[in-house]
Amino acid sequence: QQQVKQSPQSLIVQKGGISIINCAYENTAFDYFPWYQQFPGKGPALLIAIRPDVSEKKEGRFTISFNKSAKQFSLHIMDSQPGDSATYFCAASSLSSYKLIFGSGTRLLVRP
Amino acid sequence: GAVVSQHPSRVICKSGTSVKIECRSLDFQATTMFWYRQFPKQSLMLMATSNEGSKATYEQGVEKDKFLINHASLTLSTLTVTSAHPEDSSFYICSANGARTNYGYTFGSGTRLTVV
């Protein structure tokens, strides 16, 4: 119930392409779904987050798509750049517990 | 934006010694602070949750006596790894949330602990 499943484990995209990372959850109490970017040796940095009252949120090249009925959400990185090469984590939490549960991570490599 | 400072960024210690890691919210009062552990190429594993002035809540399987957490003020939490062993070597990351972060989570930059 507490798990957040993330796929793919790794992803290689050409510069300018679209990177898509998917996550699925089971706990219907989750009401906050952030995506984090992490570079080696650094802490995670918040990219974008969504709450279940909307189906999509866009910030610059990053878009979250949220499907409440399917209990799935995804991150789309448009016009991917080599500087986007990092590990991306989806996560989920609920107001009742404030615990942030992380997905397993996706290592993205954007080739020049 | 909300900033969380974590110190030190790297530490090497000998087996059997204790190491303290500090986590500070620089420009906001952190209602809650969280401590995570991350092994290479793996995800973040929540170790414990702490609220100012109260005892930390540890996740299942995390040894309270080995990983001492103190949340003495609304801007400072510390994690002390006691009697460290090589298997405690890991990347430790704190995060904090509060009204300033709209109750989102701001992470520190992490501490690489190596026990030799």
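Chain A is the first sequence line, chain B the second, and so forth, proteins listed ahead of strands; every chain is numbered from 1.
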Single-linkage hydrophobic cluster [X]~[Y], side-chain heavy atoms < 4.5 angstrom:
X	Y	answer
M33(B)	M45(B)	no
L44(B)	Y92(B)	no
F91(B)	L113(B)	no
L68(B)	I93(B)	no

At a 4.5 Å cut-off on heavy atoms, which part of [X] comes close to chain B: side chain, backbone, both, or neither?
X	result
Q6(A)	neither
F89(A)	side chain
P34(A)	neither

- Is it the backbone or the side chain of L46(B) that comes under 4.5 Å from a heavy atom of chain A, or both, or neither?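 L46(B) touches chain A through side-chain heavy atoms alone.
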- Query: Can you say whether E59(B) sits under 4.5 Å from chain A via the side chain, the backbone, both, or neither, judging by heavy atoms?
  - Reply: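 The side chain, not the backbone.
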Should we count [atom1] of [X] as having more than 12 external heavy atoms under 6.0 Å?
X	atom1	result
K55(B)	NZ	no
Q9(A)	CD	no
D53(A)	CG	yes
R112(B)	CZ	yes

- Message: Can you tell me which of P44(A), S93(A), G43(A), A45(A) forms the most heavy-atom pairs within a distance under 4.5 Å of chain B?
- Response: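 Heavy-atom pairs under 4.5 Å are most numerous for P44(A).
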- Between chain B and each of G105(A), P40(A), G41(A), count heavy-atom pairs under 4.5 Å; write down the option with the most.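 That would be G41(A).
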- Message: Quick check: Y36(A) with Y105(B) (ring centres under 6.0 Å apart)?
- Response: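 No, ring centres 6.0 Å or more apart.
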- Query: Does L100(A) reach the side chain of F34(B), with side-chain heavy atoms less than 4.5 Å apart?
  - Reply: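 No, too far: nothing below the 4.5 Å cut-off.
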- Side-chain contact, heavy-atom cut-off 4.5 Å: T57(B) with K99(A)?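 Side-chain contact under 4.5 Å: no.
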- Query: Given the options R10(B), Q38(B), Q6(B), which has more heavy-atom pairs under 4.5 Å with chain A than any of the others?
  - Reply: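 Highest number of pairs under 4.5 Å: Q38(B).
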- Message: Would the distance check show the side chain of S43(B) and the main-chain N or O of G103(A) forming a donor-acceptor pair, the cut-off being under 3.5 Å?
- Response: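 Looks like yes, one N/O pair under 3.5 Å.
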